[in-house]
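Below you'll find the structure, written out as structure tokens, and then a few comments.
Nothing here was measured: the structure is a model prediction, and the numbers come from that model.
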Amino acid sequence: MRALTPTGRPGRLTEITDVDAPRPAAHEALVRVRTFSLSRLDLLCLSAPGARYRPGIDAVGHVERPAADGNGPAAGVRVVLHLPSGGAAAQLVAVPTARLTPVPAGVDSPAAAALPLAGLMARRLLTEAGPLTGRRLLVTGAGSGVGGLLAQLAVAGGAEVSAVVTERKPRQYLAALGVRAVHDVNSLPPGGFDIVLESVGGALGSTTSRALRTGGRILWFGQTGGEPLTLDFFGLLDGGPPLTLRHFARSAAGEAGDAREVADLLDLAAEGRLRVEIGHRGHWGETAAVLEDMAHGRLSGKAVLTVG
């Protein structure tokens with residue numbers, strides 16, 4: 001069979017090669033993958049020196065052979081597979097049944113493949129943020145998979161949400177959901193927000209600290225711009241509000257917890273209450289080029305690729 005494997009070569013981090021077909025254990029189903037999404041985590045893992053990581057954390061396919069232990073979905077069922085350690089970008093994958101979630105009829109495969117990792121991160125960030133009703137949230141990186149879902153879920157939870165977006169990417173669908181678009185972070189009034197959900201870094205992310213109310217919090221979960229946050233201690237003393245900065249890394253709830261939350265996210269998508277922004281759709285032969293676009297900030301939204 002064929003799968004995406006690492007090359008170790010900058011500029012072309014992965015390629016399609018022939019590999020041994022998987023041999024499922026009794027608790028695993030054999031899934032024929034049709035569609036998978038790429039994430040920044042794929043990029044980071046493939047970029048590591050000596051990487052042996054095989055890309056693909058989230059994918060959609062059909063059960064080709066059910067698990068021998070009798071658990072999990074039957075043959076032919078369309079499923080999402082969420083594999084935190086990667087490897088879903090392949091023609092066939094052996095997947096523990098606890099990591100398979102049937103896809104509702106109202107959700108197309110690209111949207112389902114783009115949802116789990118970003119959606120789980122968004123939900124857990126908002127859990128960390130605490131009660132949302134009536135609170136004012138600022139989301140940076142709203143054009144990313146996580147940022148767009150964060151904004152939507154926060155509005156659904158009762159928060160007043162503003163999202164930082166570039167002028168060339170107005171994100172009309174966010175406005176339709178009640179999210180206020182902000183094109184210039186420097187124009188934000190001081191003290192206007194209870195929480196900043198920050199994933200860009202650099203000057204943009206650092207400037208958001210000025211928009212926090214006294215005692216507000218920054219939940220810092222990414223650095224897509226490539227530059228770190230720079231907070232001036234004495235600048236904050238000179239009129240800046242006291243604040244809390246919390247570094248938030250990807251968290252895991254275990255197989256059962258992940259599966260329950262993925263099912264909830266899929267139900268929201270099926271009801272039309274959650275939309276995944278897909279910035280690129282293509283063939284898996286384009287994976288290396290798409291990763292380059294991601295590395296250089298040329299990709300907005302999620303990238304979803306089909307397995308040929």
Side-chain angles (χ1 to χ4, degrees), residues 3-6 13-14 19 22 24-25 27-48 50-61 63 67 71-73 79-103 109-128 144-147 149-150 153 199 219-224 247-266 269 276 284 287 290-291 294 302-305 307:
L4 282 172
T5 56
L13 292 171
T14 187
V19 300
H27 69 292
E28 295 177 326
L30 187 66
V31 177
R32 182 164 295 277
V33 176
R34 305 297 185 189
T35 308
F36 67 92
S37 64
L38 287 174
S39 71
R40 186 157 289 271
L41 185 57
D42 288 308
L43 173 63
L44 293 173
C45 291
L46 286 166
S47 301
R52 302 183 66 180
Y53 172 83
R54 283 171 49 175
I57 293 172
D58 297 324
V60 171
V63 175
N71 293 318
V79 291
V80 166
L81 40 153
H82 175 61
L83 302 178
S85 58
Q91 291 176 320
L92 292 168
V93 184
V95 186
T97 54
R99 290 216 167 268
L100 295 176
T101 306
V103 181
S109 292
L115 189 57
L117 181 62
L120 290 172
M121 177 67 112
R123 280 177 61 113
R124 289 166 193 177
L125 274 161
L126 292 177
T127 297
E128 177 64 26
S144 70
V146 177
L149 294 174
L150 260 177
L153 291 169
S199 64
L219 293 180
W220 183 23
F221 67 98
Q223 193 167 294
T224 58
H247 172 260
F248 188 94
R250 182 170 68 112
S251 62
E255 291 181 347
D258 284 352
R260 283 193 299 271
E261 290 192 64
V262 169
D264 289 344
L265 290 163
L266 288 168
V276 185
W284 70 333
T287 301
V290 173
L291 289 167
M294 188 182 295
K302 297 286 290 185
V304 178
L305 304 171
V307 174

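Distance check: Leu117 CG to Leu265 CG gives 11.0 Å after rounding to the nearest 0.5 Å. With values rounded to the nearest 0.5 angstrom, Arg124 atom CZ is found 8.5 Å from Thr127 atom OG1. The line from CG of Leu38 to CD1 of Ile57 is 9.5 Å long, rounded to the nearest 0.5 Å. In this structure, CG in Asp258 is found 5.5 Å from CG in Leu120, a value given to the nearest 0.5 Å. For the atom pair CD (Glu28) and CZ (Arg99), the distance works out to 12.0 Å, reported to the nearest 0.5 Å.
Using modelled atom types, one side-chain atom of Thr14 and one backbone atom of Thr5 make a donor-acceptor pair closer than 3.5 Å. In this structure a side-chain-to-backbone donor-acceptor pair under 3.5 Å is missing from Ser199 to Phe221.
Evaluation of the side chain to side chain contact (heavy atoms under 4.5 Å, CB included) rule for Ala263 yields Thr101 as partners, not counting sequence neighbours. Under the rule for a side chain to side chain contact (heavy atoms under 4.5 Å, CB included), the partners of Ala111 that lie at least two apart in sequence or sit in another chain are Val107, Asp108. Partners of Ala29 under the side chain to side chain contact (heavy atoms under 4.5 Å, CB included) rule, at least two apart in sequence or in another chain, are Val63, Thr97, Leu100. In this structure Asp58 satisfies the side chain to side chain donor-acceptor pair (under 3.5 Å) test together with His82, sequence neighbours excluded. Take Arg123 and apply the salt bridge (charged side-chain N to carboxylate O under 4.0 Å, His left out) test, not counting sequence neighbours, and it matches Glu261, Asp264. Scanning for side chain to side chain contact (heavy atoms under 4.5 Å, CB included) contacts around Ala59 gives Val33, Phe36, Leu81, Ala88, with sequence neighbours left out.
In this structure the side chain of Pro6 never reaches within 4.5 angstrom of the side chain of Tyr53, judged on heavy atoms. Put simply, the side chain of Leu13 does not reach to within 4.5 Å of the side chain of Asp42, judged on heavy atoms. Side-chain contact between Val60 and Arg34: absent, with no pair of heavy atoms (C-beta onward) separated by less than 4.5 Å. You'll find the side chain of Leu83 reaches within 4.5 Å of the side chain of Val93, heavy atoms only. At least one side-chain heavy atom of Leu291 sits less than 4.5 Å from a side-chain heavy atom of Leu46. Side-chain contact between Arg54 and Val19: present, with at least one pair of heavy atoms (C-beta onward) separated by less than 4.5 Å.
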Q.
Run Val79 and Val31 through side-chain contact (heavy atoms from CB on, under 4.5 Å) and show every step you take.
A. CA-CA 8 Å; Val79 291; Val31 177; 4.2 Å; yes
**Q.** Worked check of side-chain contact (heavy atoms from CB on, under 4.5 Å) between Leu115 and Val262
**A.** CA-CA 8 Å; Leu115 189 57; Val262 169; over 6 Å; no
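When all heavy atoms of Thr35 and Pro110 are compared, the pair lying nearest together is CG2-CA, 4.2 Å. Residues Cys45 and Ala51 approach most closely at O-CB, 3.3 Å, considering heavy atoms.
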